[in-house]
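Right, one structure below, let's go through it.
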Amino acid sequence: MKRLPFALLAVAAIVPWLIGDRYVLHVSIMIAIMAMLALGMNLMLQIGQLSMAHSAFMGIGAYTSALLTMRLGVPMPLALLISALLCALVAAALGPVFLRIKGVYFVLLTYAFGQIVNLAFQEWTDLFGGNGGLHGIPKMSAFGYRLTDPALVYGVALFFALASFGLVRAILRSDIGALLRSLEADEPLSRSLGADALAWRIAVFVLTATMAGVAGSLYAHIIGFLSPDAFGFRLSVDLVVMNVIGGAASAWGPLLGAMLIVPLLELLRG
């Protein structure tokens, strides 16, 4: 019975390839990207912090990767790596300030950060294209080979989603996961046992921002177009909903939430 969820996950992952329809593959790609973001949100929830900043980190990763490839000719894999590193550095700089605050004030602070970043995307038109968006972003490529086949692109997105799932699940099932949960349940007790609560929170914030940066880079090169609206407050709300619907107690929850919410949004789009 313990292997049943993995078997079902394997079947769900293979089905889009068996169907082969471009639209089904596109929706599956978006599920994989959103699953990465929702898994990052799950780690933040484990430490008792609800972050509204991860949509902004996704935007930073997306625009950075797009601009590096468009204007500097940086290869896409290197642009993805730089985007993830930039998000990690921004989170490491903000974490010591943001994570000293808890509760609704942390939510408001991260929301304000997200709005500032989104406003920069809108108003700095020479760099980001403003509300008109950024067009002509190169498609995914590796070793000089462009990945134009949706089935191959889905394979890449699925790899990163499953890697994120494996990482988050391993963390939550380890002693580190127990420590992270203890920060939310009884921080004074954790600190009395020698845990540096702030350092662990910063580490989680940096890791999840990096995951959001990778998701943003993939999104930019898969969609080929960026606009500030894609990285607004609604995205943060969707990530919370995915964790609530799927269940935030384990790494399976955000994965299930992404598999339910993303297709539902597509079905209700009309």
Side-chain angles (χ1 to χ4, degrees), residues 26-63 87 90-91 94-95 98-99 101-122 131 133 157 161 164-165 168 184 201 204-205 207-220 222-223 225-270:
H26 171 74
V27 173
S28 302
I29 290 167
M30 296 310 299
I31 290 173
I33 291 175
M34 294 302 290
M36 291 180 62
L37 293 163
L39 284 161
M41 178 67 78
N42 183 265
L43 274 182
M44 291 299 299
L45 293 174
Q46 296 293 338
I47 62 172
Q49 302 281 47
L50 176 60
S51 171
M52 296 287 108
H54 281 63
S55 57
F57 285 122
M58 182 186 180
I60 291 171
Y63 276 100
C87 289
V90 172
L94 296 176
F98 283 16
L99 291 161
I101 304 170
K102 299 178 184 178
V104 67
Y105 298 105
F106 177 79
V107 177
L108 292 174
L109 189 58
T110 52
Y111 169 77
F113 169 72
Q115 292 300 103
I116 291 170
V117 171
N118 199 270
L119 189 62
F121 294 154
Q122 294 178 46
N131 287 315
S164 300
F165 170 72
V168 172
E184 193 274 334
R201 285 197 171 98
V204 171
F205 192 58
L207 174 60
T208 56
T210 303
M211 292 169 62
V214 172
S217 178
L218 292 174
Y219 178 86
I222 290 171
I223 301 300
F225 167 77
L226 295 177
S227 69
D229 182 63
F231 312 108
F233 176 68
R234 186 178 65 184
L235 174 59
S236 295
V237 174
D238 287 343
L239 299 180
V240 175
V241 171
M242 289 174 195
N243 277 278
V244 172
I245 295 295
S250 74
W252 289 102
L255 195 63
L256 178 60
M259 294 171 67
L260 292 173
I261 296 300
V262 174
L264 183 63
L265 293 175
E266 292 295 326
L267 289 173
L268 298 177
R269 188 175 298 277

Side chain to side chain contact (heavy atoms under 4.5 Å, CB included) evaluation trace for L37 with Y219:
CA-CA 11 Å; L37 293 163; Y219 178 86; over 6 Å; no

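- Contact detail for I29 and I222: the closest heavy-atom pair is CG2-CD1, 3.5 Å.
- Looking at heavy atoms from C-beta onward, L39 lies out of side-chain contact with L43 at the 4.5 angstrom threshold.
- The backbone N or O of G257 sits nowhere less than 3.5 Å from a side-chain atom of N243 that would complete a donor-acceptor pair.
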With a cut-off of 3.5 Å and sequence neighbours excluded, list every side-chain donor-acceptor pair involving residues 227-240.
| from | atom 1 | to | atom 2 | distance (Å) |
| --- | --- | --- | --- | --- |
| S236 | OG | M52 | O | 3.3 |
| S236 | OG | S55 | OG | 3.0 |

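- A donor-acceptor distance shorter than 3.5 angstrom exists from the side chain of N42 to the backbone of A248, with no hydrogens or angles considered.
- Atoms CE and CG, on M36 and L218 in that order, are 6.0 Å from each other to the nearest 0.5 Å.
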Side chain to side chain contact (heavy atoms under 4.5 Å, CB included) between M259 and I245: does it pass, once the steps are laid out?
CA-CA 10 Å; M259 294 171 67; I245 295 295; over 6 Å; no

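- Note that the OG1 atom of T110 and the CZ atom of F113 stand 9.5 Å from one another [nearest 0.5 Å].
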If you look only at distance, which donor and acceptor atoms sit under 3.5 Å apart when one is on a side chain in residues 208-216 and the other is two or more places apart or in another chain?
| from | atom 1 | to | atom 2 | distance (Å) |
| --- | --- | --- | --- | --- |
| T208 | OG1 | H54 | NE2 | 2.7 |
| T208 | OG1 | V204 | O | 2.9 |
| T208 | OG1 | F205 | O | 3.1 |
| T210 | OG1 | V206 | O | 2.8 |

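- Looking at heavy atoms from C-beta onward, M242 lies out of side-chain contact with L260 at the 4.5 angstrom threshold.
- To the nearest 0.5 Å, the span separating CG on L99 from CE on M44 amounts to 5.5 Å.
- Of all heavy-atom pairs between F106 and F98, the closest is CD1-O, 3.3 Å.
- When every heavy atom of A258 is checked against every heavy atom of P263, the shortest pair comes out as O-CD, 3.7 Å.
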